Trainee: 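I'd like to ask some things about the structure below.
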Amino acid sequence: MSSPAEIKAQIQGAIEQVQEAMGAVGGAQSQADTAIGAATAATQDTASPLPAEALSQWQQAKDRLDEALTLFQGGADSLEQYANSI
């Protein structure tokens with residue numbers, strides 16, 4: 001059986017991995033913002049509904065990235081609380 005110190009170290013490693021994932025999600029959000037802005041500018045004068053559909057889908061994806069960050073952070077906070085309790 002692992003000691004409390006070993007468990008805490010493993011938990012800290014998991015939290016660090018999630019923090020790296022959160023950084024990657026943050027980068028994806030930034031790239032999505034850039035893409036949404038570029039596509040909006042490029043298609044602002046079109047009468048076609050397709051660009052609006054695409055932009056809506058991209059915005060939904062970005063919103064889900066925001067949700068993912070919130071969930072990652074919540075999980076990390078809970079796991080850190082657990083580590084502090086052992």
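Numbers here simply count residues along the sequence, with the first being 1. Keep in mind that this is a model prediction, so the values were computed, not measured.
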Trainee: Quick check: closest heavy atoms across W58 and A39, and the distance to 0.1 Å?
Mentor: CZ3-CB, 3.8 Å
Trainee: Working to the nearest 0.5 Å, report the span between CG of D66 and CG of L71.
Mentor: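 It comes to 11.0 Å.
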Trainee: Answer yes if L79 and V18 sit in the same cluster of Ile, Leu, Val, Met, Phe, Trp and Tyr residues linked by side chain heavy atoms under 4.5 Å apart, and no otherwise.
Mentor: no
Trainee: Indicate yes or no: at least one non-hydrogen side-chain atom of T43 is less than 4.5 angstrom from one of L55.
Mentor: yes
Trainee: Counting only N and O atoms by type, is there a donor-acceptor contact under 3.5 Å from the side chain of T34 to the main-chain atoms of S30?
Mentor: yes
Trainee: Determine whether a donor-acceptor pair (N or O, by modelled atom type, separation under 3.5 Å) exists between the side chain of T40 and the backbone of I36.
Mentor: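 Yes, because the side chain of T40 sits within donor-acceptor range (under 3.5 Å) of the backbone of I36.
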Trainee: For residues Q59 and D63, is any side-chain donor paired with an opposing acceptor at under 3.5 Å?
Mentor: yes
Trainee: Might you work through the side chain to side chain contact (heavy atoms under 4.5 Å, CB included) test for E16 and Q12, ending with a clear yes or no?
Mentor: CA-CA 6 Å; E16 289 172 8; Q12 186 57 42; 3.5 Å; yes
Trainee: In Å and rounded to the nearest 0.5 Å, what is the CD to OG distance from Q73 to S78?
Mentor: 10.0 Å
Trainee: D33 and Q29: side-chain donor and acceptor closer than 3.5 Å?
Mentor: no
Trainee: Which heavy atom in A76 sits nearest to a heavy atom in I15, and how many Å separate them?
Mentor: O-CD1, 3.8 Å
Trainee: Mind listing the closest non-hydrogen atom pair of T46 and S48 along with its distance?
Mentor: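 It is OG1-N, 3.2 Å.
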Trainee: Do you know the tightest heavy-atom contact between P4 and I86?
Mentor: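 P4 and I86 have their closest heavy atoms at O-CD1, 4.2 Å.
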Trainee: Quick check for you: to the nearest 0.5 Å, what is the distance between E67 atom CD and F72 atom CZ?
Mentor: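 With rounding to 0.5 Å, CD (E67) is 11.5 Å from CZ (F72).
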